[in-house]
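Shown next, in structure tokens, is the structure this report addresses.
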Amino acid sequence: MKKIILLTAMVMIASTTTAVAQSEATATGVTNARVITPITIAKEIDMNFGNLVATAGGGAIVLLTDGTRTGDAAILAGTQNGTITAAEFTVNGETDFTFDIALPAGSFDVSNTGATATMSVGTFVSSPNATGTLTLGTETLLVGATITLDANQASGTYTNETGLAITVNYN
Amino acid sequence: MKDKFLLLLLFFLLCAGALMAQIPISISKDRDMNFGTIVASSGSGTVVLSASGSRSTTGGIMLPSINGTVSAAQFTVTGEPGFTYAITLPTDFILYDSGVGPASMIVNAFTRTPSATGTLNLATGTQTVLVGATLNVSGAQTAGSYNNDAGFQVTVNYN
């Protein structure tokens with residue numbers, strides 16, 4: 001009889017212990033996050049429309065992203081063109097990520113020395129257009145625009161140091 | 001005497017069997033927690049990953065369209081049909097750059113679905129538990145893949 005009680009007690013203890021252990025369970029969750037390099041943009045080359053000839057009628061000249069000019073032949077006359085360059089920027093960031101390109105929405109003026117005359121620069125275009133891809137973590141961004149000469153535009157050197165703001169954002 | 005002994009033994013074994021009949025609660029991980037891709041572009045902030053797996057941000061954090069993998073952690077709790085249980089989550093947890101650091105980010109403010117007490121399905125005895133959390137990112141967070149192989153622990157208890 002003693003044996004039975006002992007055996008019973010052992011069974012009870014065993015089952016009670018088991019029941020407590022089985023009322024709780026734990027699992028582990030691995031967590032991951034990836035932080036990518038912030039995007040940056042730096043100017044490499046200014047936008048230069050080169051030498052333009054003032055005409056009686058004026059007109060618009062388009063500077064393409066490849067650095068060539070098109071438009072009124074009289075305004076582009078001559079071989080002494082000066083420096084002609086599309087604006088060039090370098091965009092850096094996370095390899096293979098894409099970004100949106102925001103060009104100036106409207107136009108801005110360039111002014112001659114003394115700011116007695118201006119020309120309007122607008123209709124900006126870029127290569128790549130609208131979005132870019134950071135292959136190898138970098139991409140060159142070229143920006144062209146259209147400049148408008150008034151009739152009999154005053155001669156001089158016209159500049160705007162701050163007008164061309166290009167914004168890039170991961171998209 | 002021997003018959004009595006066997007009967008008694010059978011009785012107690014049945015009692016023990018009844019005690020053990022409650023299906024033990026268990027929990028298994030189905031899916032890791034993934035905050036996806038993050039840019040600390042203009043200052044510190046947070047990424048809030050909801051239990052439904054959607055992301056939102058505060059502060060200077062930006063989420064690029066190339067998301068990477070984004071998911072709330074998912075677990076399956078199994079046990080006695082109809083039983084209720086409590087879910088215990090950590091208060092915080094640290095992720096390290098490449099799993100080792102030194103750069104790190106704190107994960108805290110864990111959230112879950114079901115929110116407080118879980119109830120095991122009457123038919124299947126299971127329930128899916130989804131866990132979200134908040135990732136704290138500094139403004140100068142080092143770029144890299146952050147993780148922690150030790151993981152965070154989710155504990156469930158019968159009420």
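By convention in this document, chain letters (A, B, ...) are assigned in the order of the sequence lines, proteins followed by strands, and residues within each chain are numbered from 1. Quick note: numbers below take in every heavy atom, side chains included, and nothing from hydrogens, waters or symmetry partners.
Environment of CD1 in B/I106: sparse, with no more than 12 heavy atoms of neighbouring residues, nucleotides or ligands closer than 6.0 Å.
Heavy-atom proximity under 4.5 angstrom to chain A picks out B/M62 from residues 47-62 of chain B.
Heavy-atom distances place the backbone of B/A150, and not its side chain, under 4.5 Å from chain A. Only the backbone of A/D96 comes within less than 4.5 Å of a heavy atom in chain B; its side chain stays farther off. With a 4.5 Å cut-off on non-hydrogen atoms, B/F93 touches chain A through its side chain but not through its backbone. For B/I66, the parts lying under 4.5 angstrom from a heavy atom of chain A are both the backbone and the side chain. Using a 4.5 Å cut-off between heavy atoms, A/T98 contacts chain B through both its backbone and its side chain.
Per-residue heavy-atom pair counts under 4.5 Å with chain A were compared for B/T142, B/D30, B/N34, and the maximum is reached by B/N34. Between chain A and the options B/N147, B/V107, B/T155, heavy-atom pairs under 4.5 Å are most frequent for B/T155. Between chain A and the options B/N159, B/T69, B/L95, B/V156, the largest number of non-hydrogen pairs under 4.5 Å is found for B/V156. Listed options B/L135, B/T37, B/V77 were ranked by heavy-atom pairs under 4.5 angstrom with chain A; first place goes to B/T37. Between chain A and the residues B/P64, B/S71, B/A40, the largest count of heavy-atom pairs under 4.5 Å involves B/P64.
Judged purely by atom type and a 3.5 angstrom limit, A/T146 has no side-chain atom pairing as donor or acceptor with the backbone of A/L63.
A donor atom on one side chain and an acceptor atom on the other are found under 3.5 Å apart for A/T138 and A/N92. There is no side-chain donor-acceptor pair under 3.5 Å between B/E80 and B/Y158. Between the side chains of B/Q153 and A/T26, no donor-acceptor pair is found at a separation under 3.5 Å.
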Quiz prompt | Step-by-step ring pair (Phe, Tyr, Trp, His ring centres under 6.0 Å) determination, B/F152 to B/F110 | solution = CA-CA 10 Å; B/F152 66 90; B/F110 285 83; 5.0 Å; yes
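You'll find the side chain of A/L76 reaches within 4.5 Å of the side chain of A/L52, heavy atoms only. B/Y146 places a side-chain heavy atom less than 4.5 Å from the side chain of B/Q141. The shortest distance between side-chain heavy atoms of A/F124 and A/I101 does not fall below 4.5 Å.
Atoms CD1 and OH, from B/I25 and B/Y85 in turn, are 6.5 Å apart once rounded to the nearest 0.5 Å.
A/V62 and A/L103 are assigned to two separate hydrophobic clusters, defined by single-linkage of ILVMFWY side chains at heavy-atom distances under 4.5 Å.
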